[in-house]
Asks: 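Here it is: the structure, laid out below.
All values below come from the heavy atoms of this structure, side chains included, with hydrogens, waters and symmetry mates left out.
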2 protein chains.
Amino acid sequence: MTVAEKLDTEKSAKSKRSKPPVALETDRILEDDCVTAMASLPDACIDMIFADPPYNLQLGGDLFRPEGSMVDAVDDDWDKFDTFAAYDKFTRAWLKEARRILKPNGTLWVIGSYHNIFRVGAALQDEGYWILNDIVWRKANPMPNFRGTRFTNAHETMIWASKSEKAKYTFNYKTMKSLNDELQMRSDWLIPICAGQERLKEDGKKAHPTQKPEALLYRVMLASTKPGDVVLDPFFGTGTTGAVARRLGRHWIGVEREKRYCRVARERIEAALPLDESSLTIMKSNAAQPKVPFGALIETDMLKPGAILMDSKRRWKAEVRIDGSLTTKNGKEGSIHKLGALLQGAPSCNGWTFWHFETADGLKSIDDLRAEYRLAHFP
Amino acid sequence: MTVAEKLDTEKSAKSKRSKPPVALETDRILEDDCVTAMASLPDACIDMIFADPPYNLQLGGDLFRPEGSMVDAVDDDWDKFDTFAAYDKFTRAWLKEARRILKPNGTLWVIGSYHNIFRVGAALQDEGYWILNDIVWRKANPMPNFRGTRFTNAHETMIWASKSEKAKYTFNYKTMKSLNDELQMRSDWLIPICAGQERLKEDGKKAHPTQKPEALLYRVMLASTKPGDVVLDPFFGTGTTGAVARRLGRHWIGVEREKRYCRVARERIEAALPLDESSLTIMKSNAAQPKVPFGALIETDMLKPGAILMDSKRRWKAEVRIDGSLTTKNGKEGSIHKLGALLQGAPSCNGWTFWHFETADGLKSIDDLRAEYRLAHFP
DNA sequence: CAGGCTGGTGAATCCTGAT
DNA sequence: AATCAGGATTCACCAGCCT
């Protein structure tokens, strides 16, 4: 049990609505209102939530309008404020419940457009979430603005947030870098909209008005979850989140009110084939490599006490001592990291990459020695 | 007098704080707090407001680059707020005053990052503004994420809003289209950050920590104002808004509390000459080259993880992994370029033309797939 | 002079585990 | 809870200098 999970259990025990620790049923759709459905789940059981909440105030009128307000007889401005207030109430309700069911180190993604994303963003900050990034989904082929009255609305915004400021969230940095031709993945993603074969149809018409592309969920999930994690989508629609989760070996829970969406989603996920284990492995795993103390290189005679190390430009030299510390001619000393930092006047230094030694083929880094050591001792 | 201006006068007359119709003094800096300064202006006298308010960054300790130097962070007092509530109060105060001085058909631009933009967006909706677009400023050269903890924060968000829903705002559609090589201008703009000669210095150090690029203001002003319009900037700083306004033949009013910023701004605007051809070219948008990372083919399911790639003569084979890296049977791995080079013993390799996959009609290059991807998504 | 190399820098909520 | 030490981590652009 990790520290995080321990904390989690302790919190649950204290909470008024604590539930007995039962195995969470995953890979299924809860056919219910999103707040009610989430309320049926125990505290801190979800690793990641992806939410694509509605924002069409007209269609959802009943849902968002507060009790007893008169629709017809109000002034425009008042009506607008009223509607915003109702939308905010709805937003806070599901964000609150979502935060409760998130594990301490879980994260939340929300996608929206300028109609609702600012309200959602402010609300989630107020609820205690900590924003990690806002991500811009740049649509490769957006619908043009036919009337020429504004800029072509060519993007949507996603907010990625952790449960709290100090949380140790999952971010698969190397995976993202690899996916982006060995450059850091930026906050603006160019991804085509969902069309063609991928777009689900019913009787020739699109099955859902706002179906998201699988490529988007693919990147979201690959970035912020580990295989086996549980992903929840409180506005499941036709189940893009579920389909991608299954393909990527993650567990999923979908919440959706509308029966016909649920039916389409089930069929779709059924057909989404999980990738096999070997394809799932990524090139540079974030799993910690076995730690090698510098002294181990001396003990195994890969470096001898008295050997001279220097930085790549031969500005500084130091001698290796028997206990794995280094010393300079004028008496400075310390670990490979400490001395490297001291000589450069830097706050810190990675001694493994800073220090080199002379070979027939020129300078070689002690990090290469460490790699050799690992190969020999951790096959 | 336009209809808009007539409406405007009528409203002013009814308003409790109506003022005698005096000529508005423009092209000057009001050296004062932003709310106080705006309060000194009459109702409905401004055509466009560009606001770059404090972002409330909430930075922690120092941040160092991998090579040891320290990042020069924004730690100015003007960016510090105790709570979100305090920031919201400040935001609503200036938004309210800004809306009062805006002409009925005037518009407001606000720029921010994920730290503050959601609060600003929600507040301006509450104040009665009507959002027209959210615009993403994609930075061509953002600061990387040095610790590999999040996605590179590579953009900022601007909100463009009219005073009310029914307003007849200015949008120079054709100008924008011609600026964008005869394609409709999208909501994501690729513009470099302010650096080099353009960056104002004092004693060799940057004069203002958050100076915005003139290219950004150029596009904003060209899109949403007419020559002779009055543009107000309530957070003037070193006067980018004023400089661009002068060059584009717009009148400007700047509001800035800090004396030293005012001094720098005055000198700068004094020197801002009308644009010549060459500067115009610089300002013109560099249409984003759609670069396709190999990973995009996997995300869009054009290539599946586990697929086998080989060179044109079938000498080498490799398997596609989930993150866009390749791996061979005997454990060699890398990007399409790296692995191609490694296998051939060459210093470098263009993986796009080196790697192929089996089809019914024989081998096909992954470069063909890339071409298909481009064709499908960048019409 | 062209071209290459080095160094500096930009609105940044930037580590982790053991003791 | 706080402290300490190990050691992992960067992209595009510009200016200046050298070959």
Asks: Would you mind classifying the nucleic acid contact of A:Lys177 as base, sugar-phosphate or nothing, using non-hydrogen atoms under 4.0 angstrom?
Replies: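 Touches sugar-phosphate only.
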
Asks: Does CG belonging to B:Asp82 count more than 12 external heavy atoms closer than 6.0 Å?
Replies: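 No, not enclosed.
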
Asks: Could you tell me how far apart B:Asn153 (CG) and D:dT10 (P) are, to the nearest whole angstrom?
Replies: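 Whole-Å distance recorded here is 17 Å.
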
Asks: Any ion pair linking A:Asp126 and B:Arg119 (charged N to carboxylate O, less than 4.0 Å)?
Replies: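 Looking at B:Arg119 and A:Asp126, the cut-off is met.
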
Asks: Say you pick atom P in D:dA5 and the same atom in C:dC14; how far apart are they, in whole Å?
Replies: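 Roughly 23 Å separates the two P atoms.
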
Asks: Is the closest side-chain donor-acceptor distance between A:His337 and A:Ser335 under 3.5 Å?
Replies: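 Side-chain D/A pair, A:His337 to A:Ser335: absent.
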
Asks: Could you check whether A:Cys349 gets within reach of a base, just the sugar-phosphate, or nothing at all, counting any heavy atom under 4.0 Å?
Replies: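 If one applies the 4.0 Å heavy-atom cut-off, A:Cys349 turns out to touch a base.
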
Asks: For the pair made of CZ in B:Phe151 and C1' in D:dT10, what is the distance, rounded to whole Å?
Replies: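 Whole-Å distance recorded here is 17 Å.
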
Asks: Hey, where does DNA chain D pair up into stems, meaning at least three consecutive Watson-Crick or G-U pairs with distances under 3.5 Å?
Replies: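 Stem list for DNA chain D: C:2-10 with D:11-19, C:15-19 with D:2-6.
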
Asks: For A:His155 and B:Ser187, does a side-chain donor sit closer than 3.5 Å to a side-chain acceptor?
Replies: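 Present: a donor and an acceptor within the cut-off.
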
Asks: For A:Arg186 and for A:Val292, find the nucleotide of DNA chain D with the closest heavy atom, then tell me which residue's nucleotide is more 5'.
Replies: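 The answer here is A:Val292.
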
Asks: Could you tell me how far apart A:Gln184 (CD) and D:dA12 (C1') are, to the nearest whole angstrom?
Replies: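 Going from CD in A:Gln184 over to C1' in D:dA12 covers 12 Å.
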
Asks: Could you check whether A:Pro293 gets within reach of a base, just the sugar-phosphate, or nothing at all, counting any heavy atom under 4.0 Å?
Replies: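 If one applies the 4.0 Å heavy-atom cut-off, A:Pro293 turns out to touch nothing in the nucleic acid.
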
Asks: What form does the base of D:dT10 take, syn (within 90° of 0) or anti?
Replies: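 Anti.
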
Asks: Across the strands shown, which category fits B:Pro53 at heavy-atom distances under 4.0 angstrom: base, sugar-phosphate, nothing?
Replies: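 Base contact - B:Pro53 has a heavy atom under 4.0 Å of at least one base atom.
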
Asks: Distance check, P atoms only: D:dA8 and C:dA11, in whole angstrom units.
Replies: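 So the two P atoms sit 30 Å from each other.
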
Asks: Using distance alone, with no hydrogens and no angle criterion, decide if A:Lys226 and A:Thr170 have a side-chain donor and acceptor under 3.5 Å apart.
Replies: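 Yes, side-chain donor-acceptor contact under 3.5 Å.
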
Asks: Do A:Glu319 and A:Thr327 have a side chain donor and acceptor closer than 3.5 Å?
Replies: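 Not at all, the side chains of A:Glu319 and A:Thr327 share no donor-acceptor pair under 3.5 Å.
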
Asks: How long is the line joining NE2 of B:His155 and P of D:dA12, in whole Å?
Replies: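 The answer, rounded to whole Å, is 18 Å.
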
Asks: Which is true for A:Leu132 with a 4.0 Å heavy-atom rule: it touches a base, it touches only sugar-phosphate, or it touches nothing?
Replies: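 Counting heavy atoms under 4.0 Å across all strands, no contact is made by A:Leu132.
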
Asks: Determine the Euclidean distance between corresponding P atoms of C:dG8 and D:dT9; express it in Å to zero decimal places.
Replies: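 Taking atom P in both D:dT9 and C:dG8, they lie 23 Å apart.
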
Asks: Using whole Å, what does the distance between atom P of nucleotide D:dC4 and atom NZ of A:Lys338 come to?
Replies: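 It is 9 Å, rounded to the nearest whole Å.
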
Asks: Is it true that B:Arg186 and B:Asp188 have a side-chain N and a carboxylate O under 4.0 angstrom from each other?
Replies: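 Between B:Asp188 and B:Arg186 there is a salt bridge, with a charged N closer than 4.0 Å to a carboxylate O.
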
Asks: Nearest whole angstrom, please: distance from the C1' of D:dT9 to the CZ of B:Arg147.
Replies: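 The distance from CZ of B:Arg147 to C1' of D:dT9 comes to 7 Å, rounded to the nearest Å.
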
Asks: Could you state the CG-C1' distance from B:Asn141 to D:dC13, rounded to the nearest angstrom?
Replies: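 Rounded to the whole Å, the gap is 6 Å.
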
Asks: For B:Ser113, report the nucleic acid contact type (base, sugar-phosphate, nothing); a contact means any heavy atom under 4.0 Å.
Replies: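 If one applies the 4.0 Å heavy-atom cut-off, B:Ser113 turns out to touch nothing in the nucleic acid.
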
Asks: Do A:Met310 and A:Phe357 make a side-chain contact, defined as non-hydrogen atoms from C-beta onward lying under 4.5 Å apart?
Replies: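 Result no, sub-4.5 Å side-chain heavy-atom pair not found.
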
Asks: Would you mind classifying the nucleic acid contact of B:Ala73 as base, sugar-phosphate or nothing, using non-hydrogen atoms under 4.0 angstrom?
Replies: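 Here B:Ala73 touches the bases of the nucleic acid.
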
Asks: Which whole number of Å gives the distance between the P atom of C:dT19 and that of D:dG7?
Replies: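 Their P atoms lie roughly 14 Å apart.
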
Asks: About how many Å separate OG of B:Ser348 and NZ of B:Lys338, when rounded to the nearest 0.5 Å?
Replies: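 Reported to 0.5 Å precision, the distance equals 11.5 Å.
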
Asks: When you check the side-chain N and O atoms of B:Trp137 and B:Thr157, is any donor under 3.5 Å from an acceptor?
Replies: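 There is no such pair (donor and acceptor under 3.5 Å, judged by atom type) between the side chains of B:Trp137 and B:Thr157.
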
Asks: Say whether B:Tyr55 and B:Glu156, considering side chains only, have a donor N or O and an acceptor N or O under 3.5 Å apart.
Replies: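 Yes.
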
Asks: Ignoring backbone atoms, establish whether A:His337 has a side-chain N or O less than 4.0 Å from OP1 or OP2 of D:dG6.
Replies: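 Negative; the distance criterion is not met.
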
Asks: Could you give the distance separating D:dT10 and C:dG7 at their C1' atoms, to the nearest angstrom?
Replies: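 About 14 Å, rounded to a whole number of Å.
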
Asks: What is the 5' to 3' range of DNA chain C, first to last nucleotide, that sits under 4.0 Å from any heavy atom of chain B?
Replies: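 Nucleotide range with atoms under 4.0 Å of chain B: C:dT9 to C:dC15.
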
Asks: On DNA chain C, compare the nucleotides closest to B:Asp62 and B:Glu67; which residue's is nearer the 5' end?
Replies: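 In this pair, the answer is B:Glu67.
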
Asks: Which whole-number value in Å describes the distance from B:Arg150 CZ to D:dT9 P?
Replies: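 Result: 17 Å.
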
Asks: When you compare D:dG16 with C:dC1, how far apart are their P atoms, in angstrom units rounded to a whole number?
Replies: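 Rounded to whole Å, the distance is 16 Å.
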
Asks: Have a look at B:Asp79 and say if it touches a base, only the backbone sugar-phosphate, or nothing, with a 4.0 Å heavy-atom cut-off.
Replies: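 B:Asp79: base contact, heavy atoms under 4.0 Å.
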
Asks: What's the closest nucleotide to the B:Arg65 side chain, out of D:dG7, D:dC13, D:dC11?
Replies: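 The listed nucleotide nearest to B:Arg65's side chain is D:dC11.
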
